[in-house]
Amino acid sequence: REGPGHTGSAMDAPSAAGLGGADPQLQRFIEVETQKQRFQQLVHQMTELCWEKCMDKPGPKLDSRAETCFVNCVERFIDTSQFILNRLEQTQKSKSAFSESLSD
Amino acid sequence: KLDPGLIMEQVKVQIAVANAQELLQRMTDKCFRKCIGKPGGALDNSEQVRTGGRSGDPRVCSLGLPLRLCVPQKCIAMCMDRYMDSWNTVSRAYNSRLQRERANM
């Protein structure tokens with residue numbers, strides 16, 4: 001997700017394959033950092049979404065109800081994400097070839 | 001000759017900067033929405049201002065800001081802290097979920 005102030009980096013690449021060339025240490029580093037970045041991005045995204053659902057009035061501290069809401073929100077978001085992936089996979093399998101339906 | 005160790009350090013720094021910017025951008029968005037411009041007040045003890053086209057009071061507050069901008073600083077400061085708390089809560093919850101998923105595989 002691009003925004004003002006976003007610094008482009010090699011970590012934007014959807015696949016790290018081929019980066020780092022022959023150096024296995026660099027290759028490994030890129031894999032690890034890419035994974036970490038995916039995690040960070042999701043935390044940013046979920047915090048933003050769950051804030052809308054869980055935070056009514058920012059007070060002097062995060063009360064336990066809000067905290068529970070955030071935890072539940074994360075779980076439901078991951079559930080939703082998995083459900084979508086699984087169902088998409090199923091609907092693609094049930095069609096004889098996905099690309100055929102696209103070329104209609 | 002390029003030193004891979006140096007490259008890795010530089011990349012880590014770039015990533016950290018990018019993450020800080022991302023956090024700042026979203027936090028600013030959320031706290032602006034919470035603290036600025038809602039007449040009637042969504043917050044208890046809120047100090048909110050309506051943005052508008054007034055010429056404004058030329059006096060400044062202790063922050064050196066014009067008075068009309070000084071009022072919601074408490075709201076924004078609190079909002080920033082709560083946003084950080086929320087971010088940390090989400091990070092922990094997501095991490096737990098990932099570990100649970102791995103354990104179940």
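Everything numeric in this text was worked out from a predicted model, so none of it was measured. Below, chains carry the letters A, B, ... as their sequence lines are ordered, and counting in each starts from 1.
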Query raised in the report: Does atom CZ of A:Arg76 have more than 12 heavy-atom neighbours, drawn from other residues, nucleotides or ligands, at distances under 6.0 Å?
Result: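 Yes, the 6.0 Å shell around CZ holds more than 12 heavy atoms from other groups.
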Query raised in the report: Do other residues, nucleotides or ligands put more than 12 heavy atoms under 6.0 Å from B:Met8 CE?
Result: yes
Pick one of side chain, backbone, both or neither for [X], based on which atoms fall under 4.5 Å of a heavy atom in chain B.
| X | answer |
| --- | --- |
| A:Phe39 | both |
| A:Asp63 | neither |
| A:Val74 | side chain |

Report summary line: Between A:Pro58 and B:Cys79, the two heavy atoms sitting closest are CB-CA, 3.9 Å
Hey, could you give me the [atom1]/[atom2] distance between [X] and [Y], rounded to the nearest 0.5 Å?
| X | Y | atom1 | atom2 | value |
| --- | --- | --- | --- | --- |
| A:Glu52 | B:Arg33 | CD | CZ | 6.5 Å |
| B:Arg97 | A:Asp79 | CZ | CG | 4.5 Å |
| B:Arg26 | A:Thr47 | CZ | OG1 | 8.5 Å |
| A:Gln37 | B:Asn19 | CD | CG | 4.5 Å |
| A:Trp51 | B:Asp29 | CH2 | CG | 11.0 Å |
| B:Gln14 | A:Glu33 | CD | CD | 11.5 Å |

Contact check, side chains of [X] and [Y], non-hydrogen atoms, under 4.5 Å:
| X | Y | answer |
| --- | --- | --- |
| A:Phe29 | B:Ile7 | no |
| A:Lys61 | B:Met78 | no |
| B:Asp85 | A:Phe70 | no |
| B:Gln25 | A:Glu48 | no |

Do you reckon [X] sits in the same ILVMFWY cluster as [Y], going by side-chain contacts under 4.5 Å, direct or chained?
| X | Y | result |
| --- | --- | --- |
| B:Leu98 | A:Ile78 | yes |
| A:Leu42 | B:Met84 | yes |
| B:Trp87 | A:Val71 | no |

Query raised in the report: Checking heavy atoms, do the side chain of B:Leu24, its backbone, both or neither come under 4.5 Å from chain A?
Result: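 Interface part for B:Leu24: neither.
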Query raised in the report: Relative to chain B, which of A:Gln25, A:Gln40, A:Met46, A:Glu67 shows the most heavy atom pairs under 4.5 Å?
Result: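 Greatest number of close heavy-atom pairs with chain B: A:Gln40.
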Query raised in the report: Passes side chain to side chain donor-acceptor pair (under 3.5 Å), B:Glu22 versus A:Gln45? Steps please.
Result: CA-CA 10 Å; B:Glu22 184 90 43; A:Gln45 186 186 1; over 6 Å; no
Query raised in the report: With respect to chain A, which residue among B:Ser96, B:Gly5, B:Ser91 yields the maximal number of heavy-atom pairs within a distance under 4.5 Å?
Result: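 Heavy-atom pair counts peak at B:Ser91.
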Query raised in the report: Given the options B:Val90, B:Leu23, B:Asn95, which has more heavy-atom pairs under 4.5 Å with chain A than any of the others?
Result: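 Maximum pair count with chain A is reached by B:Val90.
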**Report entry** Test item: B:Arg82 side-chain N/O and A:Pro60 main-chain N/O as donor-acceptor pair under 3.5 Å
**Finding:**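 Indeed, once roles are kept as given, a pair shorter than 3.5 Å links the two residues.
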Query - B:Lys34 (side chain) donor-acceptor with A:Met55 (main chain) under 3.5 angstrom - result: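 Confirmed, B:Lys34 side chain pairs with A:Met55 backbone.
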